[in-house]
Amino acid sequence: MSPSVPLQEMIRAIRSARTQCEERGVIQRECAAIRAQFRQSDNGGRSHNLAKLLYVHMLGYPAHFGQMECVRMIASPRYSEKRVGYLGAMMLLDEKQDASLLITNSIKNDLSHSNQYVQSLALCTLACMGSAEMCRDLAPEIDRLLRASNSYIKKKAALCAVHIVRKVHDLGEMFAPAARSLLSEKNHGVLHGAVVLITELCERNLETLEKFRKAVPDLVQIMKGLVISGYSPEHDVAGISDPFLQVRILRLLRILGHNNEAASDAMNDLLAQVATNTDSTKTVGNAVLYETVLTVLDIKSESGLRVLAVNILGRFLLNNDRNIRYIAMISLQKIVGTDHNAVQRHRGTIVDCLKDQDASVKRRALDLSLALVSASNIRSMMKELLIFLSSCPLELRSQAASGIFIAAGGDVRDETVPNLIQLITNASELHCYTVHKLYRALLTDISQQSLVQVACWCIGEYGDLLLRGECQETEPVQVHEDDVLDALETVLQSHMSSPATRGFALTATMKLSTRITDNVDRIRSIVSIYGSCIDVELQQRAVEYNALFKKYDHMRYICFEYAGHCVLFRFRLSALLLCLFFPQVCDLLDLLGGSEETLQPSPAAGGTAPGLPANTASTAGGDLLDLLGGLEPAPLTPGLTP
């Protein structure tokens, strides 16, 4: 292939290559010819060769040897060469390369050029790959061009100023006055650039945000002009006048009206007008409506306007486009806590989305359906959710089951708690996931007693898994020992906790004494407080646990190791308590260890424990020892009493 072949010939040769090896051969020969021509001082085909090199770069082959040629062509007085040179700079150079600094002076000169297209090339290049140093050097030139009379240059300068503000935040104040004046322009391109620039300035500086809140009436007028304007072939897209500019203005209004009553009041009427007059049968109209809804929900809008926004999202749920249904449910999920009644009106449509074929839509519909469960609709919602649970995909089943239980709250029968604990115990692969989810639920709400009881049991039993924070099914969250104990203390002290719930929390706290290391003294203090509790059941537990700490601390780890089932845990603990409070059973007391002397039964006790035949006293200790893991009995230290 001749080195002087046109770009089209080279493209045709590359595309006709039948193998990768043949394509590489064509490109290597052409790159060698281009490199040789770059070395020639008098090269009339410079732009032609660089254009071919840029095509090679687009195919993924190395083209770095053309960087210096880009610098030379940018400095050329000929527009045809300058255009390809700037294009090459945007593709082959970036701010990390030293060669980019060599074009700073050329860009500065071209920004003052008499030809608007040359100025445009310089603006586009600076906005594309300008480094922080280049931005600082050329920012005054951009500010000057923002005030130019040429609309074509002003819209390019505005977008270039956006890049400069992102690179060097401190330069934002320089562009604020010029950006404010651009809002009086009639050209849509200039207005679009001005709105983007103002948005960037307001997001990065609170003082600038306060200044631009005074421009809300101007933005409202611009938006009204777009909404009520007639057909304009230059700006019309599917019957909507310049939807790109409308979306940008709505985003800016959302920023300006956030947490500000005056700004929000100034735009309420406009938002209502846009929400009612925009065509929702086409995607373009839905884009404008969606931005309107987000703005209404993010500012201090009127209650009627918020209901209108929720109704628009409800119509989105009926749309055939799954993407529109998906974003509608995301938005409804965010506001279900603040606008619960308005979202409830669309409960039927949301539940129908559980039958959608798309897995992501199903997941969002499940989250939203669970959030809508209330005392007034729990029966009907549970019926729908149980139907969904019976046929939902496996990846959603655990989420649906746990969500149904959490939503049911305290409206469950007493046997539900031990049944659920039994299920959790048997599903060993879900222990880490379950304890993380229930711990988060405990932090959020402790009014649902059944849920709190199960959460306390899981935290006590699997507290070490919670503290590790290595659950694969959830986002990794570091939980500290103090955080867990704070949560359990909150349950113990809450007026909403029933005596049974406090018992679960106290036992969980005691279990944690064998699973953590740094806060055992705090646990001892918590337990001792409830030794004088007016609730007899809770007082008894606290006294027994205090006895473990004070006299039988070496037995604590045995009694509170992983219990598995609740029954097994209670059986172990009962065995220990029998040892503590029936000293006449001599073999049981051997558990405490000591000298070889044997403790004699107390005469006052009558020789045997109440309800135990004399001939069984010697064997009871052995049976209970089996429950405790087959510990070898040892004689009790003389004089030791429980």
Side-chain angles (χ1 to χ4, degrees), residues 394-406 416-446 448-492 497 501-524 526-527 541 545 548-549 555-573 629:
L394 290 176
E395 62 269 16
L396 293 179
R397 192 161 295 171
S398 60
Q399 179 185 353
S402 60
I404 289 172
F405 181 80
I406 293 172
T416 303
V417 173
N419 289 345
L420 181 59
I421 290 176
Q422 180 75 36
L423 291 173
I424 294 172
T425 303
N426 294 338
S428 58
E429 70 279 2
L430 294 176
H431 287 171
C432 186
Y433 173 81
T434 304
V435 73
H436 275 82
K437 284 292 186 182
L438 289 176
Y439 172 71
R440 294 179 186 177
L442 189 68
L443 296 179
T444 304
D445 180 21
I446 61 171
Q448 304 179 40
Q449 294 297 286
S450 300
L451 176 64
V452 174
Q453 291 171 13
V454 177
C456 290
W457 186 89
C458 285
I459 290 172
E461 190 71 10
Y462 311 120
D464 52 336
L465 300 178
L466 178 63
L467 295 171
R468 288 179 200 163
E470 299 175 352
C471 185
Q472 297 179 354
E473 292 83 0
T474 62
E475 296 181 4
V477 177
Q478 184 61 46
V479 180
H480 300 285
E481 295 179 2
D482 285 324
D483 300 333
V484 179
L485 293 177
D486 287 343
L488 292 174
E489 269 199 289
T490 301
V491 176
L492 286 168
S497 298
T501 302
R502 287 193 175 96
F504 272 89
L506 188 64
T507 301
T509 305
M510 191 63 186
K511 283 183 180 181
L512 287 177
S513 68
T514 65
R515 289 151 174 74
I516 64 178
T517 56
D518 297 335
N519 285 279
V520 177
D521 290 338
R522 180 180 174 185
I523 293 175
R524 185 184 291 112
I526 294 172
V527 171
R541 291 195 188 203
Y545 296 159
L548 278 176
F549 269 125
M555 301 296 300
R556 181 161 48 89
Y557 285 89
I558 298 175
C559 293
F560 292 103
E561 64 180 342
Y562 286 110
H565 305 302
C566 290
V567 175
L568 180 57
F569 168 71
R570 289 197 297 268
F571 210 41
R572 284 176 174 165
L573 192 58

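Sequence positions, counted from 1, serve as the residue numbers for this chain. Because only heavy atoms are used, hydrogens play no part in the values below, and waters and symmetry mates are left out as well, while side chains stay in.
Minimum interatomic distance between Ala508 and Cys456 (heavy atoms only, all atoms of both residues): CB-O, 3.1 Å. The shortest non-hydrogen separation linking Gly463 to Leu512 is CA-CD2, 3.9 Å. Among all heavy-atom pairs drawn from Arg541 and Thr507, the shortest one is NH1-OG1, 2.8 Å.
Although no hydrogens or angles enter the test, the distance criterion places a donor-acceptor pair under 3.5 Å between the side chain of Arg556 and the main chain of Ser513. Distance alone, capped at 3.5 Å, is enough to place a donor-acceptor pair between the Arg502 side chain and the Ser497 backbone. Within the 3.5 Å criterion, the main-chain N or O of Tyr462 finds no donor-acceptor partner in the side chain of Arg515.
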Quick one: do Ile523 and Phe549 satisfy side-chain contact (heavy atoms from CB on, under 4.5 Å)? Show the steps, please. CA-CA 10 Å; Ile523 293 175; Phe549 269 125; 4.1 Å; yes

Please assess Ile424 against Glu461 for the test side-chain contact (heavy atoms from CB on, under 4.5 Å), listing each intermediate value before the final yes or no. CA-CA 11 Å; Ile424 294 172; Glu461 190 71 10; over 6 Å; no

Please test His431 against Thr434 for side-chain contact (heavy atoms from CB on, under 4.5 Å), starting from the C-alpha separation and ending with a verdict. CA-CA 5 Å; His431 287 171; Thr434 304; 5.8 Å; no

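Here OG1 of Thr501 is found 10.0 Å from CG of Leu492. Values are rounded to the nearest 0.5 Å. His436 NE2 to Leu465 CG: the interatomic distance, rounded to the nearest 0.5 Å, is 8.0 Å. Rounding to the nearest 0.5 Å gives a distance of 7.5 Å between CG of Leu451 and CG of Asp445. One distance of note links CG of Leu420 with SG of Cys458; it measures 7.0 Å at 0.5 Å rounding. Here the CG atom belonging to Leu488 is positioned 7.0 Å from the CG atom belonging to Leu442, to the nearest 0.5 angstrom.
Considering only heavy atoms from C-beta on, Val454 stays 4.5 Å or farther from Phe504 through its side chain. For the pair Glu481 and Val484, the minimum side-chain heavy-atom distance is 4.5 Å or more. Looking at heavy atoms from C-beta onward, Leu438 lies out of side-chain contact with Ile459 at the 4.5 angstrom threshold. Side chains of Thr425 and Trp457 form a contact here, defined as non-hydrogen atoms less than 4.5 Å apart. Residues Arg522 and Asp482 form a side-chain contact, since some pair of their non-hydrogen atoms from C-beta on lies under 4.5 Å apart. Using a 4.5 Å heavy-atom cutoff, the side chains of Ile516 and Leu485 are in contact.
In this structure, Lys511 does not pair ionically with Asp464, as no charged nitrogen and carboxylate oxygen lie closer than 4.0 Å.
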